[in-house]
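What follows is one structure encoded as structure tokens, with my remarks underneath.
Every chain is numbered from 1 and lettered A, B, ... according to where its sequence line falls, protein lines coming before strand lines.
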Amino acid sequence: MQYWLVKSEPDAFSIDDLAACPNQTDHWDGIRNYQARNFMRDDMKIGDKVFFYHSNCKPPGIVGIARVASKPYPDHTAFDSNEKYYDAKSDPDNPRWIMVDIQLVRHLKRMISLEELKQHADALDGLRLIQRGMRLSIMPVDKAHWDYILRLEKRKR
DNA sequence: GCCAACGTTGGC
DNA sequence: GCCAACGTTGGC
């Protein structure tokens, strides 16, 4: 089993939006970055755990845990010119973009902010999220980092 | 709103 | 295949 972190802008799709979905599950569409796509396509497995991260908000941080709930399948929003993430170059017969379903497991008891994570840069060395200029919207998380962050959750700041 | 970082595009 | 221009991300 692998561990991941996915970013979402809460203005667009927050963890509460996920919680409100049927079965607390939704498809993770709109990924238009090859590196992120390759992670989904090649490495994500059903049951993998996922940190749900709120980006581009104040403050940014990890707000919950989800799980991968499907195998990868074509991202149909790439085929629809009315969609924000339409991509004319994605051929339905050979889809360029894919997605997986994500199911909410639980909210964290408290947000672990990006600022707090950066304060633990030594223990979290190698965590891509806290590296400079890291824009990937899907990234792997080491199990040691995953466990460490969950221990942070239990602490009071 | 600013701007650094970084991915993509397209002319050559 | 190089690389300048451009667009996007996302913290601040």
Any residue meeting salt bridge (Lys or Arg N to Asp or Glu O under 4.0 Å) with Arg135(A), in chain and number order, not counting sequence neighbours: none

Salt bridge Arg151(A)-Asp147(A), side-chain N to carboxylate O under 4.0 Å: no

Hydrophobic cluster membership, Met134(A) vs Phe51(A), 4.5 Å side-chain cutoff: yes

Closest-nucleotide ordering on DNA chain B, the 5'-leading residue of Asn56(A) and Gly133(A): Asn56(A)

Whole-Å gap separating C1' (dT8(B)) and CD (Gln35(A)): 14 Å

Whether Trp146(A) and Tyr3(A) hold their rings parallel, tilted or perpendicular, with breakpoints at 30° and 60°: tilted

Pairing annotation in dot-bracket form, given for DNA chain B with Watson-Crick or G-U pairs under 3.5 Å and | for cross-strand partners: ||||||||||||

Closest listed nucleotide, where the reference is the side chain of Arg135(A) and the choices are dT8(C), dG11(C), dG10(C): dT8(C)

Separation of atom OH in Tyr34(A) from atom P in dT8(B), rounded to whole Å: 7 Å

Integer-rounded Å distance: dT9(C) P and Tyr53(A) OH: 15 Å

Option among Phe79(A), Tyr34(A), Tyr73(A) that satisfies the ring pair (Phe, Tyr, Trp, His ring centres under 6.0 Å) test with Trp97(A): Tyr34(A)

Atom-to-atom span, CH2 of Trp97(A) to P of dG7(B) - whole angstrom: 13 Å

For atom CZ of Arg128(A) and atom P of dG10(C), their distance in whole Å: 14 Å

Under-4.0 Å side-chain N/O to phosphate OP1/OP2 contact, Lys58(A) with dG11(C): no

Protein-nucleic acid N or O pairs under 3.5 Å, nucleotides 3-6 of chain C:
none

Carboxylate-amine/guanidinium contact Arg155(A) Glu116(A), below 4.0 Å: no

Reported CD-to-NZ distance for the pair Gln2(A) and Lys45(A), which is rounded to 0.5 angstrom: 7.5 Å

From CG (Leu117(A)) to OH (Tyr53(A)), nearest 0.5 Å: 7.5 Å

Rounded distance (Å) that lies between atom P of dT8(B) and atom CG of Leu136(A): 10 Å

Toward the 5' end of DNA chain B, by each residue's nearest nucleotide, Arg32(A) or Arg132(A): Arg132(A)

Partners meeting salt bridge (Lys or Arg N to Asp or Glu O under 4.0 Å) with Asp26(A) (sequence neighbours left out): none

Nucleic acid contacts - residues 78-92 of chain A versus DNA chain B, non-hydrogen atoms under 4.0 Å: Lys89(A)

Spacing of Met134(A) atom CE relative to dG10(C) atom P, expressed in whole Å: 10 Å

Atom-to-atom span, CZ of Arg37(A) to C1' of dT8(B) - whole angstrom: 14 Å

Partner residues of Arg32(A) under the salt bridge (Lys or Arg N to Asp or Glu O under 4.0 Å) criterion, sequence neighbours left out: Asp75(A)

Parallel, tilted or perpendicular, as decided by the 30° and 60° cut-offs, for the rings of Trp28(A) and Phe13(A): perpendicular

Point-to-point distance, once rounded to the nearest 0.5 Å, from CG of Asn33(A) to CD1 of Ile138(A): 8.5 Å

